[in-house]
Amino acid sequence: MSPIQLAIIGLGKIARDQHLPSLAANPNYHLVAVASPHNKLDGTPSYPNIETLLREHPEIEAVSLCCTPQVRYEIARYALEQNKHVMLEKPPGATLNEVAGLVDMAQQRQLALFATWHSREAAAVEPAREWLAGRTIRSVQVTWKEDVRVWHPGQAWIWKAGGLGVFDPGINALSIITRILPQPLVLKDAELHFPSNCETPIAAELTLQGPGGLPVRAEFDFRQTGPQSWDIDIETDDGRLLLSKGGSVMHVDGKQTVSAPDREYANLYARFAPLVRERRLDVDLAAFRLVADAFMCGRRSVVDPFIE
Ligand code: NAP
């Protein structure tokens with residue numbers, strides 16, 4: 001089977017750190033070109049926007065959108081209008097209705113649309129789901145605390161409306177719990193802390209509820225210095241499961257049962273190829289809806305300005 005002719009749109013940190021190496025290692029793809037307003041990729045045709053790129057390269061079959069969430073919808077729409085398959089970085093858009101519109105378009109045109117959740121591909125997520133399946137869950141505590149200055153240097157878009165602030169990493173935790181816990185999870189309470197000079201929150205606490213009143217607490221904080229936490233701690237009637245390091249390590253009752261090298265983006269591209277060949281969609285908005293609910297119903301407090 002000939003490789004899928006693909007372009008990357010938005011050549012920033014995640015495109016360079018993860019997408020380019022994953023594509024280079026996967027014979028199902030040929031990277032034809034990239035489009036990014038300011039960045040170019042050495043040795044690969046580079047264009048300032050998707051319109052020019054698709055005009056110059058009609059052979060492109062699929063685009064992978066690694067741009068900022070605020071511009072994702074217009075670019076994805078344009079790609080679908082041009083009959084290209086689309087893979088979306090997380091979050092899949094800036095609003096729920098944007099993504100609903102893309103789903104309709106992709107279905108009408110029989111094109112692949114993949115709303116990716118890279119954290120769901122972390123090594124311990126599926127083992128955790130399987131371990132939990134036969135047990136009664138009593139409580140869940142999510143602690144996702146990282147230093148924004150270390151992980152998002154210079155990313156002004158995160159602090160602009162639609163950039164999600166601390167929910168940019170927080171949605172990764174929500175993508176995991178909406179995969180491994182029984183559904184539906186509903187938002188009961190949320191407190192969002194906005195720096196006085198920013199449009200998005202720097203920290204948030206969420207209380208969710210699962211079936212049977214299952215209590216789920218989530219704490220997200222971008223102000224963490226020292227040790228960083230990407231942990232999900234789950235008490236059951238038959239032991240305690242700890243997912244740590246963003247879902248790549250699993251402990252049961254203190255004993256490590258899973259730890260494996262990172263294959264998150266390799267797995268995402270492995271999933272996208274059959275979606276393209278079979279013209280299918282994979283769009284799960286459970287995590288995105290919880291974030292939207294937190295913005296809709298959460299109480300707000302104003303905290304110290306964020307100075308990078
Ligand atoms: P980033 O380093 O700021 O890169 C974003 C890129 O988007 C910029 O390089 C910019 O290109 C490009 N862009 C902006 N407007 C565009 C447009 N109209 N057309 C094409 N490209 C455009 O941010 P990032 O960290 O890579 O994050 C991008 C997305 O990936 C976010 O949704 C984020 O949640 C997700 N993600 C990031 C990470 C991570 O570790 N950083 C991990 C997983 C997922 P120019 O610089 O050329 O203007």
Side-chain angles (χ1 to χ4, degrees), residues 6-23 33-42 44-56 60 63-79 82 84 86-95 98-99 102 114-122 125 144 146-176 200-201 220 222 228 230 245-248 262-269 272 285 287-288 291 308:
L6 181 132
I8 282 200
I9 315 296
L11 194 60
K13 184 174 185 327
I14 198 61
R16 289 188 190 273
D17 287 358
Q18 295 288 350
H19 290 257
L20 294 177
S22 299
L23 284 167
V34 304
S36 206
H38 301 99
N39 285 299
K40 291 185 166 58
L41 184 60
D42 280 351
T44 301
S46 301
Y47 302 92
N49 53 56
I50 188 171
E51 291 84 355
T52 320
L53 177 144
L54 293 183
R55 194 168 60 238
E56 295 295 321
I60 287 172
V63 293
S64 180
L65 269 52
C66 310
C67 46
T68 49
Q70 292 97 333
V71 298
R72 191 120 56 223
Y73 173 65
E74 295 298 341
I75 296 173
R77 234 186 102 89
Y78 183 79
Q82 301 299 312
K84 310 300 177 188
V86 174
M87 173 161 152
L88 303 167
E89 251 299 350
K90 48 68 49 171
T95 70
E98 286 183 353
V99 189
L102 297 179
F114 185 19
T116 64
W117 298 106
H118 67 89
S119 289
R120 284 188 175 179
E121 304 299 331
V125 171
W144 226 253
E146 64 181 50
D147 187 343
V148 67
R149 292 180 175 86
V150 171
W151 301 102
H152 302 276
Q155 295 187 343
W157 59 266
I158 275 199
W159 301 111
K160 297 285 179 199
L164 295 192
V166 76
F167 286 100
D168 178 74
I171 202 169
N172 296 334
L174 297 175
S175 77
I176 294 176
T200 57
F220 303 143
F222 251 162
Q228 309 282 292
W230 297 283
K245 299 189 191 299
S248 61
D262 173 17
R263 286 194 49 81
E264 293 181 12
Y265 281 81
N267 290 352
L268 291 178
Y269 278 103
F272 187 46
L285 298 182
F288 198 36
V291 172
E308 186 164 356

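As the structure lists them, so they are numbered: ligands from 1, and atoms in each ligand from 1. Side chains are part of it too, since the values below use all heavy atoms of this structure and drop only hydrogens, waters and symmetry mates.
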So which heavy atom in the protein is nearest [atom], and how far is it from that ligand atom?
atom	answer
atom 24 (P) of ligand 1	Gln155 NE2, 3.6 Å
atom 39 (C) of ligand 1	Ile14 CD1, 3.9 Å
atom 10 (C) of ligand 1	Ser36 OG, 4.1 Å
atom 18 (N) of ligand 1	Ile75 CD1, 3.9 Å
atom 44 (C) of ligand 1	Glu89 OE1, 3.3 Å
atom 3 (O) of ligand 1	Trp157 NE1, 2.8 Å
atom 15 (N) of ligand 1	Val71 CG2, 3.8 Å
atom 5 (C) of ligand 1	Thr68 CG2, 3.8 Å

Touching ligand 1 at all, [X]? Heavy atoms, strictly under 4.0 Å?
X	answer
Pro91	yes
Trp151	no
Asn49	no
Tyr265	yes

> Among Pro92, Gly154, Cys67, Pro153, whose heavy atom sits nearest atom 7 (O) of ligand 1?
Replying inline: Cys67

> Out of Ser119, Pro69, Cys66, whose heavy atom sits nearest atom 28 (C) of ligand 1?
Replying inline: Cys66

> Would you say Arg72 has any N or O atom under 3.5 Å from an N or O of ligand 1, going by distance alone?
Replying inline: yes

> Is there a donor-acceptor contact under 3.5 Å linking the side chains of His19 and Glu89?
Replying inline: yes

>> If the condition is side chain to side chain contact (heavy atoms under 4.5 Å, CB included), which residues does Asp147 pass it with, not counting sequence neighbours?
In response: Arg149, Val150, Thr225, Gln228

> Is the closest side-chain heavy-atom distance between Trp151 and Ile158 below 4.5 Å?
Replying inline: no

> Can you find a pair of side-chain heavy atoms, one from Arg120 and one from Asn267, that are under 4.5 Å apart?
Replying inline: no

Counting only heavy atoms, which portion of [X] has something under 4.0 Å from ligand 1: side chain, backbone, both, or neither?
X	result
Asp168	side chain
His152	neither
His38	both

